[in-house]
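Below is one structure, written out as structure tokens; comments come after it.
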Amino acid sequence: MALATYRDALNQALREEMSRDEDVFLIGEEVAEYDGAYKVSKGLLDEFGEWRVRDAPIAELGFAGLGVGAAMTGLRPIVEFMTWNFALLAMDQIINSAAKLYQMSGGQYNVPIVFRGPGGAALMLASQHSQSPEPWYAYVPGLKVCSPATPYDAKGLLKSAVRDNDPVVFIEGELLYNIKGEVPDEEYLVPIGAADVKRAGDGLTIVSYGKMVHTALDAAEKLAAEDGLEAEVIDLRTVRPLDIATVVTSVRKTNRALVVEEGWPVANIGAQLVDDIQREAFDSLDAPVARVTGLDVPMPYARNLEKIVVPSVETVLRAARQVSYIS
Amino acid sequence: MALATYRDALNQALREEMSRDEDVFLIGEEVAEYDGAYKVSKGLLDEFGEWRVRDAPIAELGFAGLGVGAAMTGLRPIVEFMTWNFALLAMDQIINSAAKLYQMSGGQYNVPIVFRGPGGAALMLASQHSQSPEPWYAYVPGLKVCSPATPYDAKGLLKSAVRDNDPVVFIEGELLYNIKGEVPDEEYLVPIGAADVKRAGDGLTIVSYGKMVHTALDAAEKLAAEDGLEAEVIDLRTVRPLDIATVVTSVRKTNRALVVEEGWPVANIGAQLVDDIQREAFDSLDAPVARVTGLDVPMPYARNLEKIVVPSVETVLRAARQVSYIS
Amino acid sequence: MATRQSRTQEGETGTDREAERKPDFLGLEPENLKSLLRLMILARRFEEKAAESYQLGKIGGFLHLYIGQEAVAAGAITALREDDFVISAYREHAQALVRGVAARAVMAELYGRADGCSKGMGGSMHLYDRSVNFMGGHGIVGSHLPIAAGVGYAIRYRKQDRVCLCFLGDAAVNIGAFHEALNMAAKWELPVIYIIENNEYGMGTGIDRTAAISDLVDRACAFEGMASEQVDGMDVLKMRAATERAVRLAREEHRPSLLEAITYRYMGHSMADPSHGTYRSREEVERWRGDDPIVSFSDRLIATGLMTGQGYEEMDQAAIEEVEEAAEFAEASPRPDESHIYDLVYSDEYPHGADRRDSWR
Amino acid sequence: MATRQSRTQEGETGTDREAERKPDFLGLEPENLKSLLRLMILARRFEEKAAESYQLGKIGGFLHLYIGQEAVAAGAITALREDDFVISAYREHAQALVRGVAARAVMAELYGRADGCSKGMGGSMHLYDRSVNFMGGHGIVGSHLPIAAGVGYAIRYRKQDRVCLCFLGDAAVNIGAFHEALNMAAKWELPVIYIIENNEYGMGTGIDRTAAISDLVDRACAFEGMASEQVDGMDVLKMRAATERAVRLAREEHRPSLLEAITYRYMGHSMADPSHGTYRSREEVERWRGDDPIVSFSDRLIATGLMTGQGYEEMDQAAIEEVEEAAEFAEASPRPDESHIYDLVYSDEYPHGADRRDSWR
Ligand SMILES: Cc1ncc(C[n+]2csc(CCOP(=O)(O)OP(=O)(O)O)c2C)c(N)n1
Ligand SMILES: Cc1ncc(C[n+]2csc(CCOP(=O)(O)OP(=O)(O)O)c2C)c(N)n1
Ligand SMILES: [Mg+2]
Ligand SMILES: [Mg+2]
């Protein structure tokens, strides 16, 4: 076990998978000579050459589609979006091509492709650069959607995504690249579609994914210290498919649930979880499932506003107490 | 009151608003000389001329963006997408430009624009042409999203959308264009954000929108006839913002709720309704909120498969009985 | 368009014929020449049958007929090797047939049956057959252009000498994907041949009303390294010759091409659209019908003694029988099994999927 | 690039100067000439101050500096009328200042304050000022190109003789929106002038590595009716002259233009990016610094006796004072009121909105 940043963990996953399988290649803006806008692809150009680490023109729709075509011939492209905000330009290729080709072709053309890049708010990047795209893709059958919170999960999940034979939307945390965590020296995989209990507890179930897992964990510590309430914190890791079983098992034990996510409040991942929880654990619920989300506004630039738009330990605490009837 | 088709009702709305306000114009593929792929813009070119009824090149991103620019100068563009499936190419303009400009500009540039066209499955158009886009847009603050079920609502809501000073995503039912309904001779508006009780009842609340409202109503009749259960059928008409008050009032009365929609099952409008209902009517619920959605698959071409993917009166009936504990 | 005029005249005077015979038959064996004709006739008869079945309600959804454009598919696709790739939009019946997808498999697909080339999942707009590298069948205008570039990228990636042939409609030259795809193909020297089938209209809109350029092929000017050529799309041999030139550039020099085939569709945009009406006159359609690619080519084969009138009749009869048999096959083919509705969403495992995806069932 | 070479040499020899003086001063009044210089100096000093404030953490997010490119904004925007429109991408401080947005309002925006030109909601990438028709400030590459076409459409719609000036970066010529926008502008004869600011790089990638064309301006070839011209973007008068020509075409003939300004950014892509490093050498940056648009233009004004060295000093001092005052103003301006967080999402009524949007609060 060695400490590695989320960025390096992803870099290791890319290097390992590209070394293991010469059909794997990376394409995106600035990924080659510049080592990636966030340096995730550092050193890969030198190691694998320009055909396997390709600097793309600013043409998200075009290079996403190029990836789909290459995948149809059996290659395993990793398409990097500098950030997921720009992928709105490529949605047609992700949703109308990648997600549908396997079925549309009667099972002849599967599309082993990974679309990856950072999502969520960073610091004062304003509305066009601060969006959480998970719900847009989680809605779509044919796609799998991952959003890891730790270096360990980032590496293990990305390696699984590259080996998956279907399109995977892989959303990294723009503010997580620098966080450090344990990463095993030996090879390992984290399965797609498996949630992980990041903190055990019986007082309340807090479900989250991506960056917000850390906020949830901090809130859980405060809750334990200040209210003696032990929250169980579940990291979904994958938002399509959702590992409802793990969530429901926990809720049956704690009888209270709180879902925390960074995105907008409507028709999102949390809403889906509430639907699943209330249906599968209806009689176990002592209170309505609570939710903490980003505010229902485009992200303002001003730091003081950005702070109140993104969920904080305080807002999570407040909601956790509400749902636990602690005032 | 005269009978009119959903298509004619929309055509009337366009004609009336364009006559009332010369800043209103229509742009899209085939809208002018061809009268629109679904003939919704019939006769408008002759009446208003090419600058106000403009045939666009196949460039969804481009003409959606052109609409945004025109709207920034105070014009009121109505951008027609031949179908919403193609709007996946224009999402960047709808979400990154139209929805954000008012806030991003500190309130200087509002964007009075309507994006409209048919959505949902028609008959055997296969996966790329059979999608329900509502959840993608309902997630986004800055947008309003309408999806009318009847000629009356289609006309009244479209007129309100054209007069609204912010971007409105207006999703018509591809299979509804030919249905007939009462449309007043005198002018009227249907407010955005107001649900409508299409059938009164106290046995169960069925919430739906768009095409599925008709399926829900048919199921309600059967339920009354066969089980003596009077379902209240609520037509949301607008899915952003959601008129939760109307829904909750009904559920407090019936104690049971079923949400019916055509789209895929995950992170959709129904999930959001479950979230709102369980939070605001928790103690009134005698059973988990039930849901009927399209199956979690891209739409297959074969008619026998398409039939089981789209919710039917039978599937709605089954779910209604389940949630009412009738076997 | 000048090019059109000259084209329509040419081949009509006996002298032209003489002059052309040698250069125009491209030194092809009589057998190859006849097979070109056979493919065009098969495509024509196939679609006539499909139209009939559509009227009878045996085929649903959108059905876009290619009738009138057969010379483009026949001339272009026969210039390829078996290991090359073909990709197209939604007006692709003829392209699939010429590429070698069995008529019965295509017809069964239109009927939405399990034996269809896409197992009844795709229908007319989404024909696929991996065994002959036929990659569809794409319904979003322009979406397959970057995909074709990706196929070209994979060819270079694997250091192969294969090529990818990509058909697009005239109206697709206005969409961003066209620009993005051609830029990448040119910049990275991808062996892709883009063939614009300029049938003058995108649905009911004349291309001259939406594209700010007279000759669509000239859009290649924006991409250095992109070869380009405008071709008479009603002449199967000219299509074959031009495509062979482009294939050679792609195979030997990794040089992409943009070809513009001047052609015309005799039927409406789809079965919902009349063959003539508001946007084009009966006269215009008739004028182009006078230049039928099948008639003009068979006339030439007969005039030059390469085929007899009876030989033509037999060929036509054989095609009619093939499509009739295909229709019977489609009719008899089972509908896709409903219990397998989830099987083709993911090729790989999908944890806790279908079982709880719709627990309301 | 040939054009670059010729440009870099020219203006360095006294004789050139003589030759150029008359034609190049465009018959502008000394006052106008000085104001061009003043605007460039203001932009330069403003950004130097902004960089300093960014280092001090007073400004957040992305900050893209324009230093080195000032002649483009100053030459182009001053060729407009007050009622014309200007729209740009995210590297737009100088364009906003030249257009007449108050330095204090721009600085306050960068500081994220209520008195910012976008009320602190947009920041550096999203500057807006409707009072001078400055339409932003767009962060998605290429997204403002169709928007500019829409402004042009609105001008024609209202039968006005205004024009829209749209700035874009070199790397934006590869995105689909560029193609779709220019096609519409050309086809519908929209009075829009697209100015590519070719500073050779899109972030760390040389444009020659991603665009399959040597002279970006040549992409106009794909759109009939689109005028085009490559301009020395380091020479404010050449920019002014070329833009005036394009404005005349747009205003009088509804003819759109694509101009390519050859220029260079002296600083990194953004504050996060060093001014030189992996993708370009210190020498390259130095070479271009030797061609500083402010230095060369002030030299000419002085050499031709239109301004004294002291006059220059005073002008520079005034600019420094203006930006210092702007910084103080920004510093003193209040942060946006948190209780109004929902007020700018919708301009119109939004039924049952904020109150239940986040009932968990
Ligand atoms: C992006 C997109 N926009 C609109 C449509 C609807 N549509 C289907 S075919 C067509 C016309 C295409 O014309 P052309 O490219 O010339 O091909 P042709 O039909 O003539 O073969 C349109 C607008 C679509 N399928 N995709
Ligand atoms: C669609 C899109 N893709 C990627 C980005 C990230 N990005 C921001 S600036 C930039 C480079 C743009 O270069 P250029 O157009 O030359 O403008 P310059 O920065 O040189 O002024 C990129 C890739 C973006 N903002 N939008
Ligand atoms: Mg066409
Ligand atoms: Mg640049």
Side-chain angles (χ1 to χ4, degrees), chain A residues 22-23 25 27 50-52 54 56-75 77 89 92-93 96-97 99-112 141-144 163-166 191-194 238 240-245 276 279-280, chain C residues 85 87 109 114 116-122 125-131 133 135-140 142-158 164 176-177 179-181 183-184 187-188 190 336 342-353 356-357 359-360:
Chain A
E22 62 183 19
D23 286 341
F25 73 95
I27 182 167
E50 69 170 355
W51 281 92
R52 297 190 64 190
R54 175 67 72 179
I58 303 180
E60 278 74 8
L61 181 68
F63 65 77
L66 181 144
V68 171
M72 286 176 80
T73 72
L75 291 184
L89 287 160
D92 176 63
Q93 286 294 347
N96 277 328
S97 296
K100 295 176 171 51
L101 270 161
Y102 183 62
Q103 191 218 48
M104 209 159 69
S105 67
Q108 294 177 86
Y109 286 101
N110 63 308
V111 183
L143 298 179
K144 294 169 183 172
R163 298 179 192 198
D164 197 279
N165 293 316
D166 299 313
I192 290 174
T238 298
R240 179 182 258 270
L242 281 167
D243 181 358
I244 296 304
D276 290 312
R279 183 168 52 249
E280 301 190 21
Chain C
F85 301 89
I87 187 166
E109 188 57 37
C117 59
S118 302
K119 294 213 174 81
M121 308 303 275
M125 299 190 288
H126 308 301
L127 304 175
Y128 292 83
D129 186 343
R130 196 160 195 164
S131 69
N133 295 320
M135 306 180 78
H138 297 262
I140 308 298
S143 69
H144 62 300
L145 308 186
I147 291 175
V151 174
Y153 193 90
I155 291 169
R156 291 294 313 278
Y157 189 96
R158 297 188 168 112
C164 178
H179 180 78
E180 297 186 1
N183 182 59
M184 293 189 294
K187 190 70 206 175
W188 297 329
L190 309 179
Y342 290 111
D343 296 358
L344 294 176
V345 183
Y346 298 93
S347 70
D348 212 333
E349 127 192 54
Y350 187 72
H352 20 257
R356 61 154 286 280
R357 272 202 204 110
S359 44
W360 51 265

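Being a predicted model, the structure only gives us computed values, none of them experimental. The chains referred to below are lettered A, B, ... by the order of the sequence lines, with proteins before strands, and numbering in each begins at 1.
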Pick from Cys117(C), Gly142(C), Gly150(C), Ala177(C) with the largest number of heavy-atom pairs that fall under 4.5 Å of chain A: Gly150(C)
Between Asn110(A), Leu89(A), Thr238(A), the one whose heavy-atom pairs under 4.5 Å with chain C are most numerous: Asn110(A)
Approximate separation, where rounding is to 0.5 Å, of Met72(A) CE and Arg130(C) CZ: 7.5 Å
Distance, nearest 0.5 Å, that separates OG of Ser118(C) from OH of Tyr109(A): 10.0 Å
Portion of Ala181(C) that has a non-hydrogen atom of chain A nearer than 4.5 angstrom: neither
By side chain to side chain contact (heavy atoms under 4.5 Å, CB included) - contacts of Asp343(C) (at least two apart): His340(C)
Top contributor to chain A contacts, counting heavy-atom pairs under 4.5 Å, from Glu180(C), Arg156(C), Lys119(C): Glu180(C)
Which of Gly74(A), Gly142(A), Gly67(A) touches chain C most, by non-hydrogen pairs under 4.5 Å: Gly142(A)
Least distance between heavy atoms, Trp188(C) atom then Ile27(A) atom: CH2-CD1, 3.9 Å
N/O donor-acceptor pair under 3.5 Å between Asn165(A) side chain and Asp348(C) backbone: no
Heavy-atom donor-acceptor pair, Tyr346(C) side chain to Pro141(A) backbone, under 3.5 Å: no
Largest heavy-atom contact set with chain C, pairs under 4.5 Å, which of Ala56(A), Gly65(A), Pro57(A), Ala64(A): Gly65(A)
Side chain / backbone / both / neither for Ser97(A) at chain C, heavy atoms under 4.5 Å: side chain
Options Ser131(C), Ser143(C), Ala148(C), ranked by heavy-atom pairs under 4.5 Å with chain A, top entry: Ser143(C)
Minimum heavy-atom distance Asp23(A)-Tyr157(C), with the two atoms named: C-OH, 3.8 Å
For Ala70(A) against Ala154(C), the heavy-atom pair lying closest together: CA-CB, 4.3 Å
Proximity breakdown for Glu349(C) and chain A, heavy-atom pairs closer than 4.5 Å: backbone
Top contributor to chain A interface from Leu127(C), Ile87(C), Asn183(C), Asp129(C) [non-hydrogen pairs under 4.5 Å]: Asp129(C)
Sub-4.5 Å side-chain heavy-atom contact between Leu75(A) and Arg158(C): yes
Top contributor to chain A interface from Lys187(C), Met184(C), Met121(C) [non-hydrogen pairs under 4.5 Å]: Met184(C)
Contact leader toward chain C among Gln108(A), Lys144(A), Gln103(A), where contacts are heavy-atom pairs under 4.5 Å: Gln108(A)
Which atoms of His138(C) approach chain A - backbone, side chain, both or neither, heavy atom under 4.5 Å: side chain
Gly107(A) versus Leu344(C), closest heavy-atom pair with distance: CA-CD2, 3.7 Å
Contacts of type side chain to side chain contact (heavy atoms under 4.5 Å, CB included), residue Ala71(A), not counting sequence neighbours: Pro77(A), Val111(A), Pro112(A), Ile113(A)
Which portion of Ile155(C) sits near chain A, non-hydrogen atoms under 4.5 angstrom: neither
Side chain / backbone / both / neither for Cys164(C) at chain A, heavy atoms under 4.5 Å: neither
Heavy-atom side-chain proximity of Gln93(A) to Pro146(C) below 4.5 angstrom: yes
Side chain / backbone / both / neither for Asn96(A) at chain C, heavy atoms under 4.5 Å: side chain
Under 4.5 Å from a heavy atom of chain A, the part of Met135(C) involved: both
pair Arg240(A)-Tyr350(C): side-chain heavy atoms closer than 4.5 Å: yes
Validation row: Tyr128(C), Leu101(A) side chains within 4.5 angstrom (heavy atoms): yes
